[in-house]
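To start, the structure itself, in structure tokens.
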Amino acid sequence: MNDVMLKTPVQEIRLPDTGDRIFIKRDDLIGFSFGGNKVRIAWEFYQDMKEKDCDCLVAYGSSRSNMCRALANLCSRYEIPCYVLTAKEDVVEEGTFNSRMVEEFGAHIRFCHKDNVAEGVDELMAELKSMGYRPYYVFGDRYGMGNEEAAARAYRKVYGELLEYQEEQGIVFDRIFLASGTGMTQGGLVAGQNQYGGHADITGISVARPSGRGKSEVARFAGAGPEDVHFEDGYVCGGYGLYDKDIESVIRLMMERFGIPLDPTYTGKAFSGMLKYLKTRSHEPENVLFIHTGGTPLYFDYLNAARIGGQAADRIANSPLTGL
């Protein structure tokens with residue numbers, strides 16, 4: 001993989017009922033492992049692992065995890081042993097496309113309980129060291145602290161790329177929206193803005209976390225204070241992986257009208273939340289950028305679960321995009 005593969009286009013879509021110009025940074029089109037923000041971040045973790053002279057990678061995530069899929073694929077590509085620790089409470093029994101790919105890539109799956117992840121990390125790292133490996137845990141120490149710089153580096157670079165795009169196109173983005181989960185992607189963008197300048201309001205639409213914790217996590221990766229973070233938690237729809245008919249409507253219409261896949265866990269929830277957020281504000285038309293952080297395998301999980309074809313009318317009737 002190289003920098004050319006990580007270049008992605010910015011696409012404008014017409015949503016007449018918003019009054020704003022909507023642009024989408026298509027990171028779902030990154031040319032490796034179904035793309036997405038986690039491919040960029042996984043690549044930075046891989047580079048950090050090499051710099052630290054480690055020879056085995058350890059990840060943690062749920063059955064839905066885009067990060068685990070991207071990391072397992074990188075390890076398969078470069079023939080590096082990969083171990084994935086998953087909380088039993090987060091396992092989807094029927095499996096997901098991401099979890100199946102993690103297995104296909106040859107990653108070793110280990111399980112722990114959600115209330116003792118730190119102990120699970122310790123045990124796995126100790127086991128791997130006893131086997132002669134020099135293991136690298138992507139999140140740093142047993143509490144997930146320590147690798148913030150590597151995680152943030154991916155989207156600090158993207159922020160610089162966006163500045164170049166704006167200069168080339170003669171446009172200025174007033175607002176940047178994205179799905180905010182772990183805080184790594186939004187933190188990288190905020191770090192980029194702090195480094196390179198710019199006035200765009202970078203707003204994370206929470207996929208699960210309450211505002212206080214979300215802001216703290218983004219700030220940790222950004223190297224900034226929570227007061228510098230814009231984080232909206234009013235669209236979580238009950239929690240991680242949960243969604244409603246509004247989100248389903250947005251997913252269907254974005255695919256049918258623009259051929260853009262969104263998923264209910266991250267991008268669909270965030271795009272729906274962004275539209276609602278924009279509608280609540282009285283403002284002059286703005287240039288709005290949505291960072292499409294990928295997750296295409298989750299879109300296929302959604303199709304399997306929802307059997308979307310027979311339920312279109314009700315979703316479209318409730319869609320904030322009705323009338324396109």
Side-chain angles (χ1 to χ4, degrees), residues 8-18 20 22-30 34-39 62-66 69 92 94-99 101 176-181 185 203-208 232-280 288-324:
T8 58
V10 174
Q11 174 181 353
E12 183 176 6
I13 63 172
R14 301 289 182 177
L15 302 179
D17 57 334
T18 67
D20 299 300
I22 306 294
F23 299 81
I24 301 178
K25 174 69 170 168
R26 295 293 305 275
D27 270 9
D28 58 312
L29 299 180
I30 290 173
F34 289 93
N37 62 331
K38 295 307 178 3
V39 170
S62 73
S63 297
R64 296 185 180 93
S65 175
N66 293 311
R69 178 249 306 160
V92 177
E94 65 272 22
T96 67
F97 281 100
N98 275 334
S99 66
M101 282 189 281
I176 298 174
F177 289 89
L178 71 155
S180 198
T185 301
T203 300
I205 302 295
S206 177
V207 300
E232 292 292 326
D233 66 356
Y235 311 102
V236 297
C237 199
Y240 180 76
L242 301 179
Y243 54 94
D244 59 15
K245 290 183 178 180
D246 283 350
I247 294 171
E248 289 188 290
S249 297
V250 168
I251 291 171
R252 183 173 184 85
L253 283 171
M254 288 297 290
M255 174 54 77
E256 289 190 348
R257 304 296 170 86
F258 305 108
I260 298 175
L262 301 177
D263 73 89
T265 302
Y266 298 104
T267 54
K269 180 177 286 189
F271 199 86
S272 175
M274 176 189 75
L275 295 179
K276 291 177 179 178
Y277 177 88
L278 291 172
K279 285 186 176 182
T280 64
V288 175
L289 177 72
F290 180 77
I291 308 288
H292 190 320
T293 49
T296 299
L298 298 178
Y299 171 72
F300 294 115
D301 287 334
Y302 167 71
L303 290 183
N304 274 349
R307 296 181 181 176
I308 193 170
Q311 304 172 31
D314 186 37
R315 277 192 295 275
I316 291 176
N318 288 283
S319 172
L321 299 186
T322 298
L324 261 67

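It should be emphasised that the depicted structure is a prediction, and the values quoted were computed from it without experimental measurement. What you see below is based on every heavy atom in this structure, not just the backbone, and it leaves out hydrogens, waters and symmetry mates.
S99 is linked by a side chain to side chain donor-acceptor pair (under 3.5 Å) to T96, counting only residues two or more places apart in sequence or in another chain. N98 meets the side chain to side chain donor-acceptor pair (under 3.5 Å) test with N66, R69; sequence neighbours excluded.
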Inset, instruction - Applying side chain to side chain contact (heavy atoms under 4.5 Å, CB included), run through I13 and M254 and close with a yes or a no. - result: CA-CA 10 Å; I13 63 172; M254 288 297 290; 3.6 Å; yes

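With hydrogens and angles disregarded, a donor-acceptor distance shorter than 3.5 Å links the side chain of T280 to the backbone of Y277. For the pair D301 (side chain) and F97 (backbone), a donor-acceptor distance under 3.5 Å is present.
When side chains are defined from C-beta on, I260 counts as touching R26, because their heavy atoms get closer than 4.5 Å. The side-chain heavy atoms of N37 and L178, taken from C-beta on, include no pair separated by under 4.5 Å.
Between the OG1 atom in T265 and the CZ atom in R64 there is a gap of 5.0 Å [rounded to 0.5 Å]. For the atom pair CG of D263 and OH of Y243, the computed distance is 10.0 Å after rounding to the nearest 0.5 Å. Taken to the nearest 0.5 Å, the OH atom of Y235 stands 6.0 Å off from the CD1 atom of I205. Note that the CD1 atom of I24 and the CG atom of L262 stand 7.0 Å from one another [nearest 0.5 Å]. Atoms OG1 and CG, from T267 and D27 in turn, are 12.0 Å apart once rounded to the nearest 0.5 Å. Rounding to the nearest 0.5 Å gives a distance of 13.0 Å between CD1 of I247 and CZ of F271.
Between S63 and V92, the shortest heavy-atom contact is OG-N, 3.1 Å. Residues C237 and K269 approach most closely at CB-CE, 4.3 Å, considering heavy atoms.
No more than 12 heavy atoms of other residues, nucleotides or ligands shown are found within 6.0 angstrom of CZ on F34.
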Under 3.5 Å donor-acceptor pairs involving side-chain atoms of residues 288-296, not counting sequence neighbours:
residue	atom	partner	partner atom	Å
H292	ND1	G294	N	3.0
H292	NE2	P261	O	2.7

